[in-house]
Structure formats: C-alpha cells, structure tokens
There are 2 protein chains.
Amino acid sequence: MSESFQRETRQRRAIRRVLLDSSRPLTPEEVQELGQRHVPGLGLATVYRNVKLLADEGWLAQVELPGSPVRYELAERPHHHHFVCHACDQAFDVHGCPPKVESMAPEGFQVESHDIILYGLCPTCT
Amino acid sequence: MSESFQRETRQRRAIRRVLLDSSRPLTPEEVQELGQRHVPGLGLATVYRNVKLLADEGWLAQVELPGSPVRYELAERPHHHHFVCHACDQAFDVHGCPPKVESMAPEGFQVESHDIILYGLCPTCT
DNA sequence: ATATGTGCAAACTCTTTGCATGGAG
DNA sequence: CTCCATGCAAAGAGTTTGCACATAT
C-alpha cells in the first residue's frame, strides 16, 4: 500500500537527461540511442519501463500522432497541441485551443479530454 | 500493367456490407466479427487484405486515432471528427467543428487539414 | 541486507506474407 | 479452365513481461 520507492539509477538518470535535453518528442528507440551515450548497455525494455513510469507520474506526456510511433515529451509544458508538417514530418507545438471544442460531443457523451492535430506545411517547408 | 481485375466474392461483399451498415469506424477485428454473420469462416487476413484494397481504391478512409488500432470508415462521408470511449474503446462520429480551429497555427504555418479527437465515456459506458 | 531495477529472451499483439486450396469468370 | 482470392499458419515489427542477477538505499 505504500507508494513504491523510486531509486536513482544510472539508466533512469540517463533517460531523464535525454528527454530534458531534447527539443522535440522522442520515440522509445530514440531515447535508447541517445541514452546509450550515457549508459552504453541501456536496454530497450528499461526505456519502455521508465518512460511509462515517468508518464504515469506525470513527468512525461505521451504524444501519439496518427501514423507515427508514440513519442514522449516533458509534461510540464502548458496545454498545447501539435502541428505535423507533411513535408519534413516534424511535429511542432501549437498553443491555444478553440473555446468550445468539448461541446462538439453529441448528447450523452462525457468528454474528458481532447486532441487537436493540424497538418500542413511548416515555415521551413513552405 | 493492366489493372488487376476485382472478383466479387462472398467475403468481399460481406466486408463492404459491414462497412456500409456501420455508423462508426470499425477496426479490422470488428469487421471480421460483423462479417462472420454473413460469411462464418471469414478470416482476419482476408479482412486486412480487402480493407487495404478498398482504402487504396479510395472507397474506405483510414481513421488513425492515437492509442487505438487503425479503423476504417466509408470515404464518402462529410467532414467530421471522432469520439473515443475510454471504457469500451469504441470510436463514434462527431459532427461539426469549432470555427477557428485552423487559425490556431502560429505565423508561417500553412494549415491544410486537421483532426480533432474527443476522449471520454460514451452513453453506454457512463 | 533487502527489495527495486536491469538486461535478456520469451511472450504478446497487431499486421503482413507464403502457400496450397477454393471459387469467380 | 485460369487465375485471383481465401484460410491457415508462420513470419515480422513493436511492446510487454518473467526471471535471475545487479545495485541503490
């Protein structure tokens, strides 16, 4: 019943470091590759376990963009959505949010959260 | 180089029927289950093959909702979005769309399309 | 000393593919 | 009669889990 205690391991620290240092959301595989610069033997299973743990703790947010593998980014950021560029396939943050998004649901549906994804061309690819 | 000819099989007809009769996007597994009412032995591989074929033809649209398996719906339908129930994991159509969604993009981003996904509880699971 | 964390490999899930048989044309 | 389509089972990709050992506390 006590919350499980979190140990400070080299691999866990490496994983946090990698995500702190990244300016974009990373896939588990990317986290592993980058993390191995700090901890050479870093296993993919360990990345998955920790990334999931950190997401459950609320430290990371899962970014699931249709058609791409799941990515993770720091959760600290304020509510935002993503813009995906068709050309370079990168994801960008989009701030703000239409006021009545959640009132779109039909009668009887309880909305708890929402995602908005914009697609198009980023300034660089225009 | 001639386009491969399409045969009218019982399973192919069942798969089309199931998707025509559905008011919501269906996963391949759901298509199989519903299709087996028409063709008992309907195999999942057959569903995958046909659904992919129909999507390539433009008759079906792929609906990729973060966190759920891919779903398919008729391509002809008017602009709409989706609601995903946390409990039963089914996807439902949501009509309408906030007016200024596409103006959320920062300067310099050319928006071409967008997705909105609502999450919560459907009437049955409330 | 103790129990959590890790690495490895096996298990799982979802999807695709190879092959022999079935059936549309 | 021809070939395409199907069903089955095996193969792949991505993710999770079981287990024995390592290690943070």
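A note on names: the letters A, B, ... follow the listed sequences, proteins ahead of strands, and every chain is numbered from 1.
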Between atom [atom1] in [X] and atom [atom2] in [N], what is the gap in whole Å?
X: B:Gln11; N: C:dA24; atom1: CD; atom2: P; answer: 8 Å
X: A:Gln6; N: C:dT4; atom1: CD; atom2: C1'; answer: 10 Å
X: B:Leu54; N: D:dA5; atom1: CG; atom2: C1'; answer: 13 Å
X: A:Glu8; N: D:dT25; atom1: CD; atom2: C1'; answer: 12 Å
X: B:Ile15; N: D:dT6; atom1: CD1; atom2: C1'; answer: 10 Å
X: A:Leu53; N: D:dT15; atom1: CG; atom2: P; answer: 18 Å
X: B:Glu64; N: C:dC14; atom1: CD; atom2: P; answer: 15 Å
X: B:Glu30; N: C:dT15; atom1: CD; atom2: C1'; answer: 16 Å

- Query: Of all the choices, D:dT6, C:dT16, C:dG7, which nucleotide is nearest to the side chain of B:Tyr48 once you look at every atom?
  - Reply: C:dT16
- Note on the structure: From the candidates D:dA24, C:dT15, C:dG18, the one with an atom nearest any side-chain atom of A:Thr9 is D:dA24
- Mark yes when over 12 heavy atoms from residues, nucleotides or ligands other than B:Glu29 sit less than 6.0 Å from its CD; otherwise mark no. no
- Message: Just checking B:Arg16: does its CZ atom have more than 12 heavy atoms from other residues, nucleotides or ligands closer to it than 6.0 angstrom?
- Response: yes
- Query: Nearest heavy-atom pair of A:His86 and A:Tyr119: which atoms, and what distance?
  - Reply: NE2-CB, 3.6 Å
- Message: On a heavy-atom basis, which atom in A:Met104 and which in B:Gly96 lie closest, and how many Å separate them?
- Response: CE-O, 3.3 Å
- Task: Using the closest heavy atom to pick a nucleotide of DNA chain C for each, name whichever of B:Val70 or A:Leu42 lands nearer the 5' end.
- Result: A:Leu42
- Query: Which residue lies toward the 5' end of DNA chain C, A:Arg10 or B:Pro69, if each is placed at its nearest nucleotide?
  - Reply: A:Arg10
- Pick the nucleotide of DNA chain D nearest each of B:Gly41 and A:Arg49; which residue has the one closer to the 5' end? B:Gly41
- Task: Check whether any side-chain N or O of B:Thr46 sits under 4.0 Å from OP1 or OP2 of D:dA5, and answer yes or no.
- Result: no
- Can a donor-acceptor pair under 3.5 Å be found between the side-chain atoms of A:Arg7 and the base atoms of D:dT25? no
- Heavy-atom donor-acceptor pair, B:Ser68 side chain to B:Glu64 backbone, under 3.5 Å: no
- Task: Check the pair A:His38, A:Val18 against side chain to side chain contact (heavy atoms under 4.5 Å, CB included), reporting the backbone distance first and the verdict last.
- Result: CA-CA 9 Å; A:His38 303 280; A:Val18 160; 4.2 Å; yes
- Query: Same cluster or not: are A:Val51 and A:Val70 linked, directly or through other Ile, Leu, Val, Met, Phe, Trp or Tyr residues, by side-chain heavy atoms under 4.5 angstrom apart?
  - Reply: yes
- For A:Glu29, answer base if it contacts any base atom (sugar-phosphate contacts may also be present), sugar-phosphate if it contacts only those atoms, and nothing otherwise; contact means non-hydrogen atoms under 4.0 Å. nothing
- Would you mind classifying the nucleic acid contact of A:Arg12 as base, sugar-phosphate or nothing, using non-hydrogen atoms under 4.0 angstrom? sugar-phosphate
Show each protein N/O and nucleotides 10-13 of chain D N/O combination with a separation under 3.5 Å, one pair to a line.
none

